Amino acid sequence: MEYNFKEIEKKWQEKWDKEGTFVAKDDYTLPKFYALVEFPYPSGQGLHVGHPRSYTALDIVARKKRLEGINVLYPMGWDAFGLPTENFAIKNHVHPRIVTEKNVAHFKEQLKSLGFSFDWTREVNTTDPSYYKWTQWIFLQLYKKGLAYKKEMAVNWCPSCKCVLANEEAAGGVCERCGSEVVRKVKSQWMLKITEYAEKLLDGLNGVNFIERVKTQQRNWIGRSTGAQVTFKTSAGDDLEIYTTRPDTLFGATYMVMAPEHALIEKWADRLTNLDEVRAYQAEAARKSDFERTEVAKDKTGVKLVGVTAINPVNGREIPIFISDYVLASYGTGAIMAVPAHDERDYAFAKVFDLPIIEVVKGGDVTKEAYVDCSEGEMVNSDFLNGLTVPEAKKKIIAFLTEKGVGYEKVNFKLRDWVFSRQRYWGEPIPIIHCPHCGAVPLEEKDLPLVLPDVDSYEPTETGESPLAKMTDWVNVPCPKCGAPAQRETDTMPQWAGSSWYFIRYVDPHNDHAIASEEAMKYWLPVDWYNGGMEHTTLHLLYSRFWHQFLYDIGAVPCPEPYAKRTSHGMILGENGEKMSKSRGNVVNPDDIVNEYGADTMRLYEMFIGDFEKAAPWSSSSIKGCKRFLDRVWALGETVKTGEIRPELEGAFHKTIKKVTEDIESLKMNTAIAALMTLMNNLDGSVTTEEWKIYLTLLNPFAPHITEELWVRAGFAGELNAAPWPVFDPAKCKDDTVEIAIQILGKIRARINVAANASKDEVLALAKAQPAVASQLEGKTIVKEIVVPGKLVNFVVR
RNA sequence: GCCGUUGUGGCGGAACUGGCAGACGCAAGGGACUUAAAAUCCCUCGGCAGCAAUGCCGUACGGGUUCGAUUCCCGUCAACGGCACCA
């Protein structure tokens, strides 16, 4: 029987809104639960069907926890600074603020139409000056601790966005946002010293409950390695510092390689007899994009530095120095010792330049290829290391280097500092004034927020300057320190700034004096459960952990890690199994679904679609099954008769309570829904009042509107959102009789029903008495009898 | 190349800690109701053989451990995701 979902859903949504049903309580004596989903970027396209997958899942958790009597905070807000809005504004000559307001209103309406139990009184918006006041405040704290600094350096530049990108945003050599190939550009940039927190970010992962693939991905991104820093003397007099993870192979070093940008090259210019060649190679390397430079497949290139050589500190041997772009300026010391026998890249380079290859670990055939895996080999050609294993050799050589003062053990990270400035308008202004006398002068905290001024044109400039640079009235200010004419920083912060701490603001969103009050933070933080996309693992998730650890170190927040638990949802794909996109023409609009089937069906379907962590294709026919199910629930509402749980259904109800209760906690919404469907199929078309109460409560987190309505229609007291979550009795989850499978040599030959408490002997006797079993056993010897209580019997015969 | 994840009917997916593979839903086929269609309800639904009872095969592929393997181990293949000259 079809029900009028449009009317019912609207009615309850308005009621929840008016009554503030889901407003988190400020009573800090109650047990609490902080559920969080990533706040959306309010794009012009509106909500994607992917958003509700995450939001519904934690909405179910939040609703269930409330029914269990827990004080739940489930907030929502807007990550509203960003390029698409700015680009839209440029194209249509509207202020980005207006665009944002419009988009936010649309998103909010869409979210409300899905019946999420967000606490809208705590809504935050990163573009709100009262919010970004505190984003700027955090920046100032970072600056004061020396963790924000400005530096001239080669950065990733997106020619299409006309903007620099963080390392994390330029993975794979392409712009994370628009897909354009990233080029190198030397610019003066604000940087955040996330590298200072590399070790802490790594350690912190051990204490939190994140799904394993998130942890591994973050660990790989941080990329910790242990090795040694070694000093090589050179014929030019300067020391050449290198970093290696294989100090044990030092005797096999037959040449050195420096990055083309290495500072020593300039110093040695006078000595180099092939300076022109060196310069040409440097120019070539500088011209190349990161993407070109890091193409693994390409042949090794380089230039020998003629006029300078290095001395291997362990054997005094004189070896040549090369420059090559396979050595990165930004990792380690920007120079390496090359051990062609035991490193594939060095091997390839040595082959091109015909350099000697000395085997120092036995086990491979270095005439054919580099022998990299040295887990078993024994040291050779290495003087005092000969005969040792690789780990032993490592220890010994480090001790030797340390003693001689030419090296020491060293840890290195792949993680780079975070490029924090953007040459765009629609972002938080960086609260710094550049004074010709005093240098960079931070704004005083009392002068925050530094409000983004209105400009006439948001167009990015070809020179790579922010549009704010043209605002001379705003830019030209007296230095706060000396009063001399000075200029404001005109770059803005990246989109990731506002989202790096938003979860803190939710606990006390209207606070004028601090990011949030200490009491509120002590009560609500850390976030108990945070669900979001895998694509944010090495961006937002890492950045926000960094900020939070920093805030903890300066005493601004009470806990070291922001999130106690992190899960991640799979993508919802188009019907054809491909990623949803306009160009593929396979986009499903949530509004259409809500219109046609209602929010409850939409929610139910998105949870039923499959394993929450895996990608799943949308199916417009499968969703009908969920609608059909709710229609049947509605029809069942017509049959309610006063009464207790019928005795024959007691087991089924208690099992379902157990299943649904446990499945929600482990995000197995699909099997929880299946259990509710099964229970319905077992009901035989009618329910009693006690059964109905349980059924509606269990279904409520999934389909909140229809269940609230049926609750009222059944004449039950109050509203369902205030009812208690049902509790199961483990004793009643067990059946009196169980079916036991009887196997002979692992093949099923019969099934019997026995009392659940039947003894082993009883079961065996019954089993042997089965005709199908008896005939199979005839003339054979039973070697072994295996009885798994309540499950099966297996006879091993000969 | 390295790291990670995954591989089960026509489809989405179930299966606790090694114990009855395919729950639940979709699609499909058949039937009931209807003048008819939609909706709804009932039945069938992994493959092969058989009238049937039933038998054999079957969880990417090849091995192994085990009384017993979708589950554990070794190897191969494929797909997806991340990183990618990090010394």
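Quick caveat, the model's predicted, so the values are computed rather than measured. Every chain is numbered from 1, with letters handed out A, B, ... down the list of sequences.
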| request: Let me have RNA chain B in dot-bracket notation, would you? Count Watson-Crick plus G-U wobble pairs, both distances under 3.5 Å, and use [ ] for pairs crossing earlier ones and | for inter-strand partners. | output: (((((((..(((......[....))).(((((.......))))).((((....))))..(((((..]....))))))))))))....

Closest to side chain of [X], choosing from [options]:
X	options	value
A:T671	B:rA15, B:rG19, B:rC26	B:rA15
A:N681	B:rC57, B:rG25, B:rC26	B:rG25
A:I786	B:rA23, B:rC57, B:rG19	B:rG19
A:D343	B:rC24, B:rA14, B:rA87	B:rA87
A:I609	B:rG19, B:rG12, B:rC56	B:rG12

Contact under 4.0 Å: [X] side-chain N or O vs [N] OP1/OP2:
X	N	result
A:R213	B:rC3	no
A:S225	B:rA87	yes
A:N670	B:rG25	no

Check every strand shown and say whether [X] touches a base, only sugar-phosphate, or nothing at a heavy-atom separation below 4.0 Å.
X	result
A:E212	nothing
A:E344	nothing
A:R224	nothing

| query | Taking N and O atoms by type only, does the side chain of A:K414 place a donor or acceptor under 3.5 Å from a partner on the base of B:rC83? | reply | no

| request: Classify the side chain of A:K659 and the base of B:rC16 as holding, or not holding, a donor-acceptor pair under 3.5 Å. | output: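 Flag unset: no donor-acceptor pair detected.
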
Identify each atom pair where a protein N or O and an N or O of nucleotides 41-46 of chain B are less than 3.5 Å apart, giving names and distance.
none

| task | Could you label the plane-to-plane angle of the A:F349 and A:Y326 rings as parallel, tilted or perpendicular, counting under 30° as parallel and over 60° as perpendicular? | result |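 Because their plane-to-plane angle lies in the 30° to 60° range, the rings of A:F349 and A:Y326 count as tilted.
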
| query | When the ring planes of A:Y371 and A:H342 are compared, do they come out parallel, tilted or perpendicular, using 30° and 60° as the limits? | reply | perpendicular

Roughly how far apart, to the nearest Å, are [N] and [M] at atom [atom1]?
N	M	atom1	value
B:rC56	B:rG29	P	33 Å
B:rC11	B:rU5	C1'	22 Å
B:rA15	B:rG68	P	25 Å
B:rG63	B:rC48	P	24 Å
B:rC45	B:rC26	C1'	13 Å
B:rG62	B:rG9	P	15 Å

| request: Check whether the side chains of A:T195 and A:R416 place a donor and an acceptor atom closer than 3.5 Å, and report yes or no. | output: no

| task | Consider only side-chain N and O atoms of A:Y695 and A:T656, and report whether a donor and an acceptor are under 3.5 Å apart. | result |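 There is no such pair between these side chains.
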
| query | When the nearest nucleotide of RNA chain B is assigned to A:G610 and to A:I748 on a heavy-atom basis, which residue is associated with the more 5' position? | reply |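 Its nearest nucleotide lies further toward 5', so the answer is A:G610.
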
Can [X] and [Y] be counted as an ion pair, charged N to O under 4.0 angstrom?
X	Y	result
A:R219	A:E212	yes
A:K368	A:E359	no
A:K760	A:E785	no

| field | Pairwise distance CD1(A:I194) to CG(A:L415) - rounded to 0.5 angstrom | value |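 If I round to the nearest 0.5 Å, the distance is 5.0 Å.
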
| field | Atom pair CD1/CE of A:I242 and A:M337 - distance to nearest 0.5 Å | value |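 Spacing of CD1 (A:I242) from CE (A:M337) equals 5.0 Å.
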
| message | I need the OH-P distance between A:Y331 and B:rC83, as an integer number of Å. | response | 17 Å

| How about A:Y597 and A:Y605: are their ring centres within less than 6.0 Å of each other? |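 When the ring centroids of A:Y597 and A:Y605 are compared, they turn out to be at least 6.0 Å apart.
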
